[in-house]
Novice: 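Quick one: this structure, given as structure tokens, is what I'll be asking you about.
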Amino acid sequence: MKEWLKDAIFYEIYPQSFKDTNGDGIGDLQGVIEKLDYIKDLGFNAIWLNPCFESPFHDAGYDISDYCKIAPRYGTNEDARRLFAEAHKRNMHVLFDLVPGHTSIEHEWFKQSMKSTDKNPNEFHARYIWTGGWFEKMEGVTNITGVLNGFCDRGDCATNFFTTQPALNYGFLNCDPKKKWQISMDSPAALATKNALWNVMKFWLSMGCDGFRVDMAFSLIKNDDKDSTGTIKFWQGIRERLDKEFPNAAMVSEWGAPDKSLKAGFDMDFLMQCGTTHYLDLFRENPYFAGVGDLTEFWKSYESLSEKVGKLGLLCLISGNHDIERMSRKLSPTQIKLAFTFLLTMPGATFVYYGDEIGMKYIEDQPSVEGGYFRTGSRTPMQWDASLNAGFSSAKPSELYIPIDANENRPNVEAQEKDANSILNTVKKLNALRKNNASLKNLASIEVISCGKKDEALAYIRGGDILVAINPLDAQKEISLPKNFGDKSAERFALGGAKIQGGKIILPKQSAIII
């Protein structure tokens with residue numbers, strides 16, 4: 001475990017929507033640099049930055065045309081180098097978003113691969129997965145989501161997500177001998193693709209990047225088995241290189257199966273909307289923190305994964321991300337404070353999506369921008385103040401990357417900084433509490449004493465001496481104090497009038513307490 005991960009609390013930034021400093025309506029790296037002090041003041045000491053590389057932006061930058069060049073709309077490579085340096089001055093770390101499973105159709109690798117032929121193969125002949133035929137089905141091949149056909153004379157090419165995202169070829173675990181395009185993951189061509197990925201990682205790590213959030217980390221080896229044997233082996237090889245050359249570099253996987261990803265060498269995995277972790281039970285689908293759900297299945301999953309993972313790495317909870325509706329869609333401001341009380345007192349490294357710390361709204365029926373579809377409503381510009389464009393940009397409103405929340409009563413940072421009871425200041429207090437108490441940090445133990453069944457409060461003990469109790473319901477609840485806690489236990493944080501009295505924790509409706 002990297003030392004810096006033991007108390008890391010992450011802030012996710014969608015760069016095009018965070019802060020625009022040149023008035024073009026799109027956020028940029030200089031805007032991130034300018035707001036580093038804001039992020040640090042809130043108590044965050046690490047950042048995950050969504051893709052900021054050169055791209056045609058059919059998928060908001062997850063379709064990369066040059067892995068080693070910052071997209072001009074965000075700035076330059078020197079701006080990235082400065083971001084790393086400025087973050088490090090503040091004892092903060094930065095993870096870039098790595099997209100290893102596919103490129104854009106405009107990447108030079110793909111352009112050269114299209115030109116290659118079986119008779120005259122070039123260096124990029126097998127960089128992608130070409131069948132050599134027309135409309136050859138790839139059904140039943142795991143980790144291939146579709147096919148790009150009718151595009152060039154080479155025939156069909158496997159895709160990894162959208163049709164503009166051809167899948168990179170790291171090989172197959174189990175090859176069908178009848179299909180020559182299925183190459184072994186140990187073949188020279190597959191290893192060349194793996195080495196190309198490593199060179200990208202090395203490029204940014206050498207510049208000062210502290211590691212990567214890895215997009216669709218589960219998807220690389222095709223025809224993999226149900227245990228992800230091939231993909232795990234692949235990442236173990238990358239981890240071995242990292243440990244030798246960049247021992248402090250961290251990786252967090254978009255996998256949703258920590259029992260696999262941490263075995264593969266990742267330091268962290270998200271409990272999120274994909275996978276079977278019941279993450280959605282928290283804030284989104286019949287959510288417990290809206291006072292209507294049940295966390296029984298969540299805790300069963302969490303405890304099972306914790307046992308399998310052991311000390312291999314961290315299980316990470318998120319407030320949200322760029323791919324799902326904001327939690328404000330289902331939760332009131334008070335309920336969001338309760339959600340943060342949970343998120344920022346749980347084990348593992350918490351990730352907070354930009355704007356969630358002020359309760360930014362999910363904008364319904366927002367027209368799709370750059371392949372965002374329903375996700376666009378969670379990607380609107382950050383709301384800094386009450387000025388033009390909520391302080392995000394000096395551009396004309398019509399020129400913004402995505403329109404600002406049109407509600408005049410939209411929350412903003414400036415107003416919430418002045419309100420001691422705001423969501424922002426609640427997050428700030430909780431982060432400070434976590435920072436100053438070893439029992440609340442990422443590796444400290446957890447013992448659940450009330451699991452948040454339907455119509456019941458939630459309570460757990462961290463590190464043996466800090467008790468967290470949360471009641472999102474519309475009725476008062478009581479929990480008996482455990483033996484090692486008493487009426488004289490020190491209250492460290494409270495919401496909604498929660499208190500200790502007569503050997504019990506009294507939790508009025510929508511309240512919480514930390515003792």
Side-chain angles (χ1 to χ4, degrees), residues 11-35 38-39 48-53 55-63 70-75 97 162 164 273 283-284 318-333 336 352-417 422-424:
Y11 188 83
E12 179 191 349
I13 295 175
Y14 193 67
Q16 50 267 62
S17 294
F18 192 61
K19 185 70 172 80
D20 169 25
T21 61
N22 62 4
D24 65 356
I26 301 176
D28 45 53
L29 293 187
Q30 181 58 37
V32 177
I33 293 169
E34 286 188 7
K35 293 299 181 180
Y38 163 77
I39 297 167
W48 157 29
L49 197 69
N50 291 117
C52 49
F53 313 112
S55 168
F57 294 101
H58 296 301
D59 185 20
Y62 281 91
D63 50 327
I70 296 295
R73 74 185 196 179
Y74 300 128
D97 211 320
F162 289 161
T164 55
Q273 72 272 15
F283 317 126
R284 288 172 174 82
I318 62 173
S319 69
N321 65 28
H322 58 289
D323 281 336
I324 52 180
E325 299 95 336
R326 288 188 182 271
M327 59 181 174
S328 62
R329 191 182 193 197
K330 294 290 181 71
L331 307 188
S332 70
I336 290 174
V352 173
Y353 186 48
Y354 85 97
D356 280 354
E357 76 273 21
I358 58 171
M360 275 180 59
K361 300 298 183 184
Y362 173 76
I363 308 303
E364 303 284 348
D365 302 318
Q366 182 72 258
S368 180
V369 175
E370 295 184 351
Y373 299 97
F374 77 91
R375 304 174 297 178
T376 307
S378 293
R379 300 175 177 183
T380 56
M382 181 63 175
Q383 295 155 198
W384 296 104
D385 55 39
S387 66
L388 175 71
N389 300 322
F392 163 70
S393 171
S394 62
K396 295 178 181 178
S398 61
E399 295 174 351
L400 296 185
Y401 167 73
I402 295 173
I404 202 85
D405 179 357
N407 190 326
E408 292 183 358
N409 295 318
R410 59 184 175 245
N412 69 69
V413 169
E414 183 178 61
Q416 291 208 9
E417 285 180 331
S422 66
I423 298 172
L424 182 147

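Numbers for residues simply follow the sequence, beginning at 1.
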Novice: Could you tell me whether the side chain of Tyr14 reaches within less than 4.5 Å of the side chain of Ser378, counting heavy atoms only?
Specialist: no
Novice: How would you list, by chain and number, every residue that makes a side-chain contact (heavy atoms from CB on, under 4.5 Å) with Ser387, sequence neighbours excluded?
Specialist: Asp385
Novice: Take Phe18 and Trp384 through the test side chain to side chain contact (heavy atoms under 4.5 Å, CB included) and record every step on the way to the result.
Specialist: CA-CA 9 Å; Phe18 192 61; Trp384 296 104; 3.7 Å; yes
Novice: Say whether, by atom type as modelled, one donor and one acceptor occur between the side chain of Asn389 and the main chain of Phe392 under 3.5 angstrom.
Specialist: no
Novice: With a 4.5 Å limit on heavy-atom distance, are the side chains of Gln30 and Asn22 in contact?
Specialist: no
Novice: Please evaluate residues Ile404 and Arg410 with respect to the criterion side chain to side chain contact (heavy atoms under 4.5 Å, CB included), reporting the C-alpha separation (whole Å), side-chain torsions for both, the decisive distance (0.1 Å), and the verdict.
Specialist: CA-CA 10 Å; Ile404 202 85; Arg410 59 184 175 245; 4.0 Å; yes
Novice: Would you give the length of the straight line joining atom CG of Asp24 to atom CG of Leu400, rounded to the nearest 0.5 angstrom?
Specialist: 10.0 Å
Novice: Could you list the residues that satisfy side chain to side chain donor-acceptor pair (under 3.5 Å) with Ser394, not counting sequence neighbours?
Specialist: none
Novice: Which pair of heavy atoms, one from Gly27 and one from Tyr74, lies closest together, and at what distance?
Specialist: O-CD2, 3.3 Å
Novice: I want to check something: taking the side chain as every heavy atom from C-beta on, are Phe283 and Lys330 in contact at a cut-off of under 4.5 Å?
Specialist: no
Novice: Sequence neighbours left out, what pairs pass side chain to side chain donor-acceptor pair (under 3.5 Å) with at least one residue falling in residues 357-372?
Specialist: Tyr11-Glu357, Tyr38-Glu357, Arg73-Glu370, Arg329-Glu364, Glu370-Tyr401
Novice: For the residue pair Gly23 and Ala395, what are the closest heavy atoms and their distance?
Specialist: O-CB, 3.4 Å
Novice: Looking at residues at least two apart in the chain, or sitting in another chain, which of them share a side-chain contact (heavy atoms from CB on, under 4.5 Å) with Asp59?
Specialist: Tyr62, Asp63, Phe161, Phe162, Gln165, Arg375
Novice: Is any side-chain heavy atom of Asn321 closer than 4.5 Å to a side-chain heavy atom of Asn50?
Specialist: no
Novice: Does the side chain to side chain contact (heavy atoms under 4.5 Å, CB included) test come out yes or no for Asp323 and Arg379, once each step is laid out?
Specialist: CA-CA 9 Å; Asp323 281 336; Arg379 300 175 177 183; 3.4 Å; yes
Novice: Minimum heavy-atom separation for Gly61 and Ser55, please, with both atom names.
Specialist: CA-OG, 3.7 Å
Novice: Taking the side chain as C-beta and beyond, is there a heavy-atom pair between Ser17 and Thr380 under 4.5 Å?
Specialist: no
Novice: Mind checking what makes side chain to side chain donor-acceptor pair (under 3.5 Å) contact with Ser393, not counting sequence neighbours?
Specialist: Asp20
Novice: Measure the shortest side-chain to side-chain distance between Asp405 and Met360 over non-hydrogen atoms and say whether it is less than 4.5 angstrom.
Specialist: no
Novice: Where do Arg326 and Tyr353 come nearest, in terms of heavy atoms and distance?
Specialist: NH1-CD2, 3.5 Å
Novice: With a 4.5 Å cut-off on side-chain heavy atoms, are Gln383 and Pro411 touching?
Specialist: yes
Novice: Under the criterion side chain to side chain contact (heavy atoms under 4.5 Å, CB included), I'd like the reasoning laid out for Phe374 against Glu325: C-alpha separation, chi angles, the key distance, then a yes or no.
Specialist: CA-CA 8 Å; Phe374 77 91; Glu325 299 95 336; 4.1 Å; yes
Novice: Out of curiosity, Ser319 OG to Ile324 CD1, how far, rounded to the nearest 0.5 Å?
Specialist: 8.0 Å
Novice: Applying side chain to side chain donor-acceptor pair (under 3.5 Å), name anything that partners Thr21, two or more places apart in sequence or on another chain.
Specialist: Asp28
Novice: Heavy-atom count check: over 12 atoms from other residues, nucleotides or ligands less than 6.0 Å from Tyr373 OH?
Specialist: no
Novice: Quick check: closest heavy atoms across Val369 and Thr376, and the distance to 0.1 Å?
Specialist: N-OG1, 3.3 Å
Novice: Quick one: CD1 on Ile13 to CG on Asp97, what's the gap to the nearest 0.5 Å?
Specialist: 12.5 Å
Novice: Compare every heavy atom of Pro51 with every heavy atom of Pro15, then report the nearest pair and how far apart it is.
Specialist: CG-O, 3.9 Å
